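Keep in mind it's a predicted model, so treat the numbers as computed, not measured. What's counted below: heavy atoms across the whole structure, side chains too, no hydrogens, waters or symmetry copies.
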Amino acid sequence: MGTKTVDEAANEATEVKSDAETVDVTKTDVTKADVTKTDEEVTEQEAADTEAEAEASEDEDDLTEEEYAAELAKLGLEEPEGSSGVGQGAAAVVSAALGFISLSGGWIGTVAGARAQLNGQLHTASTASVATQIKEVYGTSWHATAIWAGLFALVAALVGVGALIRPAFGTPGKPQATWIKSVAWAGVVLGVVGLLLAVLKYTDALLALPSAT
């Protein structure tokens with residue numbers, strides 16, 4: 001009387017087991033939800049970090065040379081060696097100087113023109129026609145001057161372009177000083193103008209030789 005039958009005991013054992021499985025399944029679902037939530041938080045954090053890095057990179061591009069050095073000092077870092085911009089500044093100045101020489105002629109162009117004129121006088125007979133004498137004496141001199149002016153102009157343009165693109169191969173985020181860009185662009189413009197004038201003078205499209213008639 002109070003003694004459970006075998007069937008009743010078996011039924012109770014089955015119910016207890018089912019309840020235990022239900023608890024385990026619920027626990028597993030909660031764990032999966034926690035993992036999913038953690039993954040979402042990590043993804044959001046990574047996106048925020050990426051956005052912050054992009055904004056910092058844009059800010060670095062807008063910094064001047066002095067501000068860039070100040071930021072490095074705040075972070076306890078030192079400016080990389082050889083990144084002071086001395087070489088770029090020197091190249092920009094050289095470019096502008098060569099561009100000016102290409103327009104003014106320069107000492108080398110003057111000497112080359114005088115030498116060509118002397119050679120023309122030595123190799124031209126006194127009995128030659130006036131047109132021949134003008135061409136050999138003065139034409140060769142002007143062409144020699146134009147050639148040297150064109151060489152100076154070409155070198156000026158190349159050096160100026162080199163100074164402008166040099167930061168792309170240097171320290172990432174290192175800004176180029178404004179005065180270097182200005183002087184380099186001046187050298188490039190003077191070089192292009194000087195090269196154009198040299199071609200026009202050499203082809204007699206500009207300041208052509210006077211006619212003998």
Should we say atom CH2 of W185 is surrounded by more than 12 heavy atoms from elsewhere, each under 6.0 Å from it? no
Please tell me whether L98 and W148 are part of a single hydrophobic cluster in this structure, the criterion being side-chain heavy atoms less than 4.5 Å apart. yes
Nearest-0.5 Å distance that lies between atom CG in L118 and atom NE2 in H123: 9.5 Å
Under 4.5 Å between side-chain heavy atoms, hopping through other hydrophobics if needed: is there a path connecting L197 to L154? no
What are the two closest heavy atoms between I180 and Q88, and how far apart are they? CG2-O, 3.8 Å
Verify the cluster assignment for L206 and V199: are they in a single hydrophobic cluster under the rule of side-chain heavy atoms below 4.5 Å apart? no
Is L190 reachable from L196 through a run of hydrophobic residues whose side-chain heavy atoms are each under 4.5 Å from the next? yes
Quick one: pull up OG1 in T140 and CD1 in I134 and give me the separation to the nearest 0.5 Å. 12.0 Å
If you compare all heavy atoms of Y202 against all heavy atoms of H143, which two are closest, and at what distance to 0.1 Å? O-NE2, 3.3 Å
Is it true that a side-chain atom of T203 and a backbone atom of L200 form a donor plus acceptor pair closer than 3.5 Å? yes
Assess whether side-chain contact (heavy atoms from CB on, under 4.5 Å) is satisfied between W179 and V93, documenting all intermediate values. CA-CA 10 Å; W179 73 268; V93 173; 4.3 Å; yes
I need the minimum non-hydrogen distance between L164 and Q176, along with the two atoms involved. O-OE1, 4.2 Å
Can you name the nearest heavy-atom pair linking L103 to V193, along with the distance? CD2-CG1, 4.2 Å
For a quick test of reading the model, state the closest non-hydrogen atom pair linking A184 to G160 and the distance between them. CB-O, 3.9 Å
Heavy-atom pair with the smallest gap, counting every atom of A144 and A112: CB-O, 3.9 Å
I165 reachable from V192 in the ILVMFWY side-chain graph, under 4.5 Å edges: yes
When rounded to the nearest 0.5 angstrom, what distance separates OG1 in T145 from CD1 in I108? 12.0 Å
